[in-house]
Amino acid sequence: MNSNSEMNNGGLFANLKYDLPAGVAVFLITIPLSLGIALASGAPLFSGLIAGIISGLVVAPLSGSSLGISGATAGLAMIVWTAIDKLGFNGFLLSLVIAGVFQIIMGLSKAGVIAYYFPSSVVNGMLSGMGLILFLKQIPHAIGYDRDYEGDTSFIQADNYSSFTELAHMLEFSSPTAIMIALTSLAILFLWEQPFMKKHRFFQLFQGALIAILAAVLINEGLQSFYPELALSGNHLVMIPVLNNAGDLLSQLHFPDFSLLNNPAVYLAALAIAVVASLKTLLSVEAVDKMDPYKRVTPTNRELIVQGIGNACSGLIGGLPMAQVVVRSSIGIQSGARTKATGIICGVLLLFAVIFIPTMINKIPLASLASVLLVVGYKLIRPKVFTTMYKAGMYHFIPFCVTILGMIFTDLLIGLVIGLIFALFSILLENYKSAFYFNESHIGNKTILRLSEHISFLNKANIQQTLEQLPDYSEVVIDATRSKYIDYDVFEIIENFKIEAQRKHIKLTIENLRGFGVLQPVENARAPTYDTQQSLTPAKVLALLKEGNERFVNNLKSNRNLLEQINDTRKGQFPIAIILSCMDSRTSVELIFDQGLGDVFSARVAGNVINDDILGSMEYACKLAGSKLIVVLGHSHCGAVKGACANVELDHLSGLLHKIKPAVDAVQAEESVGISAGNDEIVQKVADKNVQLTVEQIKSKSPLLDAMLQSGEIGIVGGMYDIETGKVKFYADV
C-alpha cells in the first residue's frame with residue numbers, strides 16, 4: 001500500500017486478509033494476559049476479559065489509532081487492588097466510570113498534546129525495555145513454571161522472586177512437556193519467518209502464532225490420550241471461567257455502587273486511574289506510531305476521549321481499567337495488521353470464545369503462548385536501535401539505557417518516570433552546552449555569538465561563563481536577529497556585559513537586541529522604491545554601503561525575505577548605486593555590502609577596468625535608473641593586476657591587461673623600482689592606483705557622468721576590498 005487512502009479504500013475490512021490473522025494472534029495472547037492481570041488486581045477473572053471485549057467492540061471502532069490495541073494493563077494492577085480493598089469491587093467500578101469521565105474531559109481539554117513531549121530516547125527505551133521484560137518474564141512460562149501471573153511487568157514478582165532470581169528458581173519446577181511444546185512452537189514461529197515460506201499463499205493466510213498454538217494443543221491432547229502423566233493441566237493451561245448458561249454470564253457482570261458518590265476516596269481512586277491510564281495510553285500511542293510501517297499519526301486528544309468512553313463502559317458492567325498497550329499492539333503489527341479492524345476482530349473473538357468455546361480455549365498451553373511472546377519480545381528489543389541511539393549521542397543514549405534499566409529493575413511506569421527524569425536532565429545539560437548560540441572563531445580574536453530563537457533562563461549560566469572567558473582587546477559580536485524570546489536574566493547579563501566590555505577594551509557589536517520577553521520580529525529589509533531612492537544623497541548611499549560591509553565583516557546580515565523582494569521588484573527596479581568590481585569569485589558585491597535583490601547594479605570584469613560598455617551601463621544606471629553613487633571596487637591579491645605586472649600576453653586577455661598598464665607605469669615611476677608580480681606590496685600599490693585611475697577615467701571619458709558629479713546628483717568613489725578580512729577601505733568620501 002502506498003497511502004492511507006489506498007489502505008482504507010473499500011471500508012474498514014478492506015484489508016481483512018491481513019487483519020484477520022493478526023486479530024486471531026492478538027486474541028490468543030489477550031486471554032492469558034487479561035486473566036493474569038485480573039488475578040493480580042484482586043478482581044474477578046472475568047473482569048479482565050470484559051476489558052478486552054470492550055476494547056474491541058467500543059474503543060477500536062471509535063479510535064483514531066490504526067494499529068493500537070487496548071486492554072487491561074498490569075501498570076494499573078496495584079491501583080485497582082488498593083481501590084478494591086478500600087471501596088469494594090462495586091465501589092471500584094464507580095471510580096472507573098468516573099475515571100472515564102475524567103479522561104473524556106482531558107481529551108476535550110487537549111491534554112493529548114503531552115504525547116508530543118515524550119523524547120524519542122524514552123519511547124525507544126520503553127519499546128526495548130518492554131521487549132526485555134517480556135523476554136525475561138516468559139522464560140519461566142516456557143519451561144512450565146507458571147507461578148507468576150501473565151502480564152506482570154514488575155521486577156519484584158507476586159511470588160516474591162525477582163525477574164532474575166526467578167530464572168534460577170524456576171529450574172526446580174520445570175516441565176519436560178512444557179519445554180518440548182515451547183521449543184516446537186518456537187521452531188514453527190522461526191520457520192514461518194523464512195522468506196521461502198512467505199511465498200506460499202497458505203502460509204500468508206495463517207499466521208505462525210496460530211499454527212504454533214494449534215500444534216501445542218494437539219501435542220498436549222495427544223499426551224492426554226496416550227500419556228496422561230506427561231500432559232500439561234491445571235495452571236499450565238489457559239483458564240477462562242466456563243459459562244454453562246445465561247445465568248452464569250449474568251453472574252459474571254458487576255455494576256457500580258452509585259451510593260458511594262459522596263465518598264472522596266472514590267474520586268481520588270478515579271483520578272489515579274485516569275492519570276496513569278492516560279499516561280500509559282499516550283506513551284503507547286507514541287511507541288505504536290513509531291512501529292507503524294505506514295507512519296500514520298494517532299490523534300492523541302481523540303484517543304483520550306475514546307479511552308475514557310471505553311473505561312466508563314468497562315466500569316458499568318464489571319470490567320478492569322484499560323489503556324492502549326504496547327505488547328498486544330506489537331503482536332498485531334508483527335502479525336501483519338494493517339488497520340484497526342485487528343482490534344475489532346480481537347474483541348469479537350473474545351466475546352465468542354467466552355460464550356461458546358471456553359473449554360476449547362482452556363486447552364491452550366501457556367508454554368506455547370510464552371513462545372509467541374518470546375518472539376514478540378525479541379522483536380521489540382530491536383538490537384539495531386541500540387546502535388542508532390548510540391550514534392545519536394550520549395544525550396540520547398543515556399536516557400535510552402536508563403529507561404530500559406529502570407523498567408527492568410522496577411516496573412513499566414516507574415521505569416518510564418526515571419527515563420523521563422534523565423531525559424529532562426540530558427536536555428538541560430545539552431541546552432547548557434550548546435543550544436543558545438553558534439560560536440564561530442571568525443578571524444583572529446573575533447568571537448560571534450548568534451542567539452537562537454528562544455533564550456531561556458536555562459541558558460543563563462552558559463552565556464555568563466562564555467562572556468566571562470572572552471579575552472581583553474578582543475572583538476565580540478552578539479546577534480539577536482533570530483531571537484523571538486529572551487529571558488530577562490539573559491538580557492540583564494548582556495546589558496551588564498556592555499560595561500564589562502569597556503573595562504576589558506573589548507570591541508562589542510550588538511545586533512537587533514530588542515529587549516526581553518516575547519520580541520517583535522525584526523522587520524525585513526525591502527528593496528528600494530522610487531521615493532526611497534530619490535530621498536538618498538551620494539553620501540548617504542556610501543554610508544549605507546559602509547554599514548553593510550561592517551555587517552558582513554561581523555558575519556551579520558540584514559533580515560531579508562528574498563521571495564518578498566522578488567515581488568517588490570517585479571514591476572521595476574530602483575538601485576541606489578552601481579558598483580564596478582573584479583570578476584574574482586571572492587568579490588560578490590551583494591555579499592560584501594550586505595545588499596539584496598534590487599539594491600545595487602553590479603558590473604564585473606577582470607581588473608575592474610572600464611570600456612565603452614561599462615561606461616554606458618553606468619550612464620544608464622545613474623541618468624535613467626536614478627542610482628546615486630558609482631563605486632569602483634578593487635581587491636587585494638588581484639590576479640588581473642598580477643598578470644599586468646608580469647606582462648602576461650594571452651589572446652583577448654592581453655587587451656584587458658593593457659588597460660591596467662597605466663597603473664603599473666604610475667607605480668613604477670612613483671616607487672622607482674622594478675615591478676614584479678611576486679612582490680605583494682608592489683602589486684597592492686598597483687591595484688590601488690588602478691582603482692584611482694579608473695575613477696578619473698570615468699570622469700574624463702563620460703561628460704554626462706562628470707556633469708552629474710559636478711551638480712551633486714551622484715558621487716564617484718574608489719575602494720579596496722581585503723579578501724583576508726572582508727573589509728572595504730574607501731579612498732575618499734563623497
Side-chain angles (χ1 to χ4, degrees), residues 26-59 69-97 99-100 137 141 146-154 157-159 234-243 248-256 269 272-273 276-277 280 307 310-311 313-325 327-328 346-347 349-351 353-355 358 361-362 364 366 369 373 411-413:
V26 176
F27 152 71
L28 292 171
I29 296 300
T30 296
I31 293 172
L33 290 177
S34 299
L35 295 172
I37 292 165
L39 180 66
S41 302
L45 293 181
F46 205 76
S47 61
L49 298 173
I50 290 174
I53 293 169
I54 294 293
S55 166
L57 302 186
V58 177
V59 174
I69 305 293
S70 299
T73 169
L76 287 162
M78 281 308 300
I79 296 175
V80 174
W81 181 288
T82 303
I84 293 174
D85 185 55
K86 287 185 178 180
L87 304 169
F89 188 62
N90 299 93
F92 151 73
L93 293 177
L94 178 61
S95 294
L96 181 54
V97 173
K137 296 290 187 179
H141 293 294
D146 299 305
R147 297 285 293 275
D148 188 32
Y149 71 89
E150 280 285 5
D152 184 17
T153 59
S154 298
Q157 301 179 167
D159 59 3
N235 66 347
H236 297 299
L237 305 175
V238 172
M239 298 177 65
I240 297 180
V242 177
L243 307 177
D248 287 349
L249 176 61
L250 291 175
S251 69
Q252 297 293 336
L253 302 181
H254 297 79
F255 307 100
I273 292 170
V276 175
K280 283 185 63 64
Q307 291 290 332
N311 275 322
C313 292
S314 185
L316 287 172
I317 59 173
L320 287 181
M322 70 182 69
Q324 191 177 123
V325 283
V327 173
R328 273 161 270 188
C346 174
L349 290 176
L350 270 175
L351 181 61
V354 165
I355 295 176
I361 298 299
N362 287 344
I364 298 175
L366 293 180
L369 294 175
L373 289 172
D411 61 25
L412 177 61
L413 281 176

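For clarity, every value in this text was computed on a predicted model and none was experimentally measured.
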Item to complete: Dump the intermediate steps for side chain to side chain contact (heavy atoms under 4.5 Å, CB included) on K280 and L412, then the final yes or no.
Response: CA-CA 9 Å; K280 283 185 63 64; L412 177 61; 2.7 Å; yes
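- A donor-acceptor pair is defined here as one N or O able to donate and one able to accept, closer than 3.5 Å; no such pair exists between the side chain of S41 and the backbone of V80.
- In this structure, S34 and M322 have side chains that are not in contact, with every pair of non-hydrogen atoms separated by 4.5 Å or more.
- Shown here for L93 and G319, the closest heavy-atom pair between the two residues is CD2-O, 3.6 Å.
- You'll find the side chain of L243 stays beyond 4.5 Å of the side chain of P358, heavy atoms only.
- Contact detail for L28 and L369: the closest heavy-atom pair is O-CD2, 3.7 Å.
- For K86 (side chain) and W81 (main-chain N/O), no donor-acceptor pair under 3.5 Å exists by modelled atom type.
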Practice prompt. May I have the step-by-step check of side chain to side chain contact (heavy atoms under 4.5 Å, CB included) for K137 and Q157, ending in yes or no?
Written response: CA-CA 10 Å; K137 296 290 187 179; Q157 301 179 167; 3.1 Å; yes
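- Between the side chain of S314 and the backbone N or O of G310 there is no donor-acceptor pair closer than 3.5 Å.
- Side-chain N or O atoms of D411 include none that pairs as donor or acceptor with a backbone N or O of T153 at under 3.5 Å.
- Taken from OG1 in T73 to CG in L33, the straight-line distance is 10.0 Å, to the nearest 0.5 Å.
- Looking at F27 and I361, their side chains come closer than 4.5 Å, going by heavy atoms from C-beta outward.
- Counting only heavy atoms from C-beta outward, the side chains of L35 and E150 never approach each other to under 4.5 Å.
- Here the side chain of N362 pairs a donor or acceptor atom with the backbone of I240 at under 3.5 angstrom.
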Worksheet item: Could you go step by step and tell me if N311 and V97 meet the side chain to side chain contact (heavy atoms under 4.5 Å, CB included) rule?
Response: CA-CA 6 Å; N311 275 322; V97 173; over 6 Å; no
Discussion item. Show, in sequence, the C-alpha distance, side-chain angles and deciding distance for I79 and T82, and conclude whether the side chain to side chain contact (heavy atoms under 4.5 Å, CB included) test is met.
Written reply: CA-CA 5 Å; I79 296 175; T82 303; 5.9 Å; no
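- Judged purely by atom type and a 3.5 angstrom limit, S55 uses its side chain to pair as donor or acceptor with the backbone of S70.
- Among the candidates L350, V58, I317, L349, the single residue satisfying the side-chain contact (heavy atoms from CB on, under 4.5 Å) test with I53 is L350.
- Put simply, the side chain of D146 reaches to within 4.5 Å of the side chain of H141, judged on heavy atoms.
- The shortest heavy-atom contact between F255 and L316 is CD2-O, 3.1 Å.
- With a 4.5 Å cut-off on side-chain heavy atoms, F92 and P321 count as touching.
- Contact annotation: the side chain of C346 approaches that of T30 to within less than 4.5 Å [non-hydrogen atoms, C-beta and beyond].
- Between L253 and I50, the closest side-chain pair of non-hydrogen atoms falls below 4.5 Å.
- Separation of atoms CD1 (I364) and CE (M239) is listed at 13.5 Å; rounding is to 0.5 Å.
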